[in-house]
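What follows is a short report on a single structure.
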Protein chains: 2
Amino acid sequence: MADVKPIGKALFLREEELRRGIELMFFAYRDFTGEADSILAEQNMGRAHHRAIYFIGRNPGITVSDLLTILCITKQSLSRVLSGLMQDGYVIQKPGATDRRQRLLYLTETGIALESRLTSLQGRRFAAAYREAGVDAVDGFQRVLQGLLDSDTIDQIAQQDQNKRYLIAMIAPVESK
Amino acid sequence: MADVKPIGKALFLREEELRRGIELMFFAYRDFTGEADSILAEQNMGRAHHRAIYFIGRNPGITVSDLLTILCITKQSLSRVLSGLMQDGYVIQKPGATDRRQRLLYLTETGIALESRLTSLQGRRFAAAYREAGVDAVDGFQRVLQGLLDSDTIDQIAQQDQNKRYLIAMIAPVESK
DNA sequence: TATATTGGTCAACATGGCTGACGTAAAACC
DNA sequence: GGTTTTACGTCAGCCATGTTGACCAATATA
């Protein structure tokens, strides 16, 4: 064991480790979305609907163009999905107060119920994984995933967090005392 | 700050943390696959081709049914992809030595070149993320992703690892001295 | 008033999932 | 040796979701 060429071994381990990461991403993403997919299929919806519902629920009153920025799809694709969601009563839109061209998107009660069902399903999976792996692991997990992001995405998430902090400060100042 | 209701706060943080995970998975998977997608688009291929190429490269001589087990798609879907890959000279198949019904799949030189180009691209992204996040983070990352898997998937990966160790022991026993 | 922005719509197309039905060769079993 | 099962392929068609391109309406803004 002592006379193994160290450089070759290191490279080999490195590639194995990288491949391990690549494969884990593939399998974990598939399994992580699979459970929700089957619920969505019952309602004749797909992953695209889920994404829209999720981010509208997360950002009530979001504009169409902001949602487009998050999802990185064309407005034609989104439009098709949103029309369906509005027709089926999961989403409603209200004209913007200051800019009346905007259509601010909100979940209906039904939409909220579905979103919460889907999110709690995925949340349970995460909660179990977090519990098994431990607190330090969670931190590492988040840091590595963060490192996988494009810089544009990082900016965009930071921007969203900014908006969210602003909203929280507005609607729930009592929490901060 | 001291008189915040502890339970409400804890639940709030918990939900935020879970949502953070859900969102990171979405964005990270998207960005992580996006780069490869654009290379694939140049060759008129999609993600499905990539997955096939990746796992054939990873398991040379894999049977169609084993590949189906890994990918979790129908044989019709896979067949369409494989036909294309063979027609374009990325993949060849050889009849199985013991069971001649099997068609064992291999990458051609061209296939290997493409696989390696795609994997090194994704590998670089992972390497950068790992480097930024540190060794402990990598461990946490892998443990959490592992925890997100279905138990079937875990078994399946273990099985593959088993095969791989067997192969390594066969073809490169010199490494282990 | 002219231009830019926000959002929607129609048409057409590609990818990649799916089901169902059917075929063929080889292996395995009785 | 005949039957059944397995491994794989193929044809046909459907659906969801992405794309491009063109065009339109309402509203904001310089």
Side-chain angles (χ1 to χ4, degrees), chain A residues 26 29-30 33-34 36-56 61-88 91-106, chain B residues 26 29-30 33-34 36-56 61-88 91-106:
Chain A
F26 168 62
Y29 191 78
R30 191 191 60 190
T33 53
D37 285 351
S38 57
I39 286 190
L40 290 157
E42 291 170 14
Q43 344 266 319
N44 292 313
M45 292 197 237
R47 224 174 265 181
H49 299 87
H50 186 185
R51 291 198 275 263
I53 286 180
Y54 181 88
F55 285 107
I56 294 171
I62 190 174
T63 64
V64 172
S65 69
D66 283 352
L67 187 52
L68 281 175
T69 306
I70 291 177
L71 297 177
C72 287
I73 57 175
T74 58
K75 67 174 173 171
Q76 291 91 328
S77 289
L78 179 56
S79 179
R80 188 168 34 198
V81 168
L82 280 183
S83 309
L85 288 176
M86 292 191 300
Q87 201 155 10
D88 297 351
V91 168
I92 51 168
Q93 52 185 17
K94 300 180 189 171
T98 62
D99 185 338
R100 294 203 341 261
R101 290 171 305 180
Q102 296 178 334
R103 325 251 167 126
L104 310 185
L105 301 168
Y106 298 87
Chain B
F26 167 63
Y29 191 77
R30 189 190 62 192
T33 52
D37 285 351
S38 57
I39 285 189
L40 290 157
E42 290 169 16
Q43 344 267 318
N44 291 313
M45 291 197 236
R47 226 175 262 182
H49 299 84
H50 186 184
R51 291 198 273 263
I53 287 181
Y54 181 87
F55 286 106
I56 295 172
I62 190 173
T63 65
V64 172
S65 69
D66 283 352
L67 187 52
L68 281 175
T69 305
I70 292 179
L71 296 178
C72 286
I73 57 175
T74 59
K75 68 174 174 172
Q76 291 90 329
S77 291
L78 178 57
S79 178
R80 190 167 35 197
V81 168
L82 280 183
S83 311
L85 288 176
M86 292 191 300
Q87 201 155 10
D88 297 353
V91 168
I92 51 167
Q93 53 183 17
K94 300 181 189 169
T98 63
D99 184 338
R100 294 203 342 259
R101 290 172 303 180
Q102 296 176 334
R103 325 250 167 126
L104 309 185
L105 302 168
Y106 297 88

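Side-chain atoms are counted along with the backbone in the values below, which use heavy atoms only and exclude waters and symmetry mates. A, B, ... follow the sequence lines: proteins, then strands. Residue 1 opens every chain.
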Subject >> N/O (side chain, A:Ser65) to phosphate O (OP1/OP2, C:dT5) under 4.0 Å >> reply: no
Original post:
Which pairs count as salt bridge (charged side-chain N to carboxylate O under 4.0 Å, His left out) when at least one residue sits in residues 66-86 of chain B, sequence neighbours excluded?
Top reply: none
Original post:
To the nearest Å, how far apart are A:His50 NE2 and D:dT17 P?
Top reply: 12 Å
**OP:** Provide, to the nearest angstrom, the distance between the CD atom belonging to A:Gln102 and the P atom belonging to D:dA25.
**Re:** 21 Å
**OP:** Name all residues meeting the ring-ring contact (aromatic ring centres under 6.0 Å, His included) criterion together with A:Tyr29; count only those two or more places apart in sequence or in a different chain, and write none if there are none.
**Re:** B:Tyr29
Subject >> End-to-end axis angle, where each axis spans five pairs of the helix from C:dT1-D:dA30 to C:dC30-D:dG1, to 10° >> reply: 20°
Original post:
Any chance CD of A:Glu42 has more than 12 other-residue heavy atoms, nucleotides or ligands included, within less than 6.0 Å?
Top reply: yes
Original post:
Can you give one letter per nucleotide of nucleotides 13-26 of chain C, 5' to 3': B if a protein heavy atom sits under 4.0 Å from the base, S if only from the sugar-phosphate, - if neither?
Top reply: ---BBBBBB----B
Subject >> Rounded distance in Å - CG (B:Asp37) to P (D:dT17) >> reply: 17 Å
**OP:** Could you list the residues that satisfy side-chain hydrogen bond (donor to acceptor under 3.5 Å, both in side chains) with B:Asp88, not counting sequence neighbours?
**Re:** none
Subject >> Atom-to-atom span, CG of B:Leu67 to P of D:dA7 - whole angstrom >> reply: 14 Å
Original post:
With sequence neighbours left out, what residues match B:Arg101 under salt bridge (Lys or Arg N to Asp or Glu O under 4.0 Å)?
Top reply: B:Asp99
Subject >> Rounded distance (Å) that lies between atom P of C:dG7 and atom NZ of A:Lys94 >> reply: 16 Å
Subject >> Side-chain N or O of A:Ser79 closer than 4.0 Å to phosphate OP1/OP2 of C:dG8 >> reply: no
**OP:** Under the salt bridge (Lys or Arg N to Asp or Glu O under 4.0 Å) rule, collect the residues that match up with A:Arg100, sequence neighbours excluded.
**Re:** none
**OP:** Check ring-ring contact (aromatic ring centres under 6.0 Å, His included) between A:Tyr54 and all other residues, then give those that pass, not counting sequence neighbours.
**Re:** none
Original post:
For A:Leu40 and D:dC15, what is the distance between atoms CG and P respectively, to the nearest whole Å?
Top reply: 18 Å
Original post:
Do B:Leu85 and B:Met45 come within less than 4.5 Å of each other through their side chains, counting heavy atoms only?
Top reply: yes
Original post:
To the nearest angstrom, how far is A:Arg103 atom CZ from C:dG8 atom C1'?
Top reply: 6 Å
Original post:
Excluding sequence neighbours, so at least two apart, what forms side chain to side chain contact (heavy atoms under 4.5 Å, CB included) with A:Gln93?
Top reply: A:Met86, A:Arg103, A:Leu105
Subject >> Whole-Å distance separating the CD atom of A:Gln93 from the C1' atom of C:dT9 >> reply: 14 Å
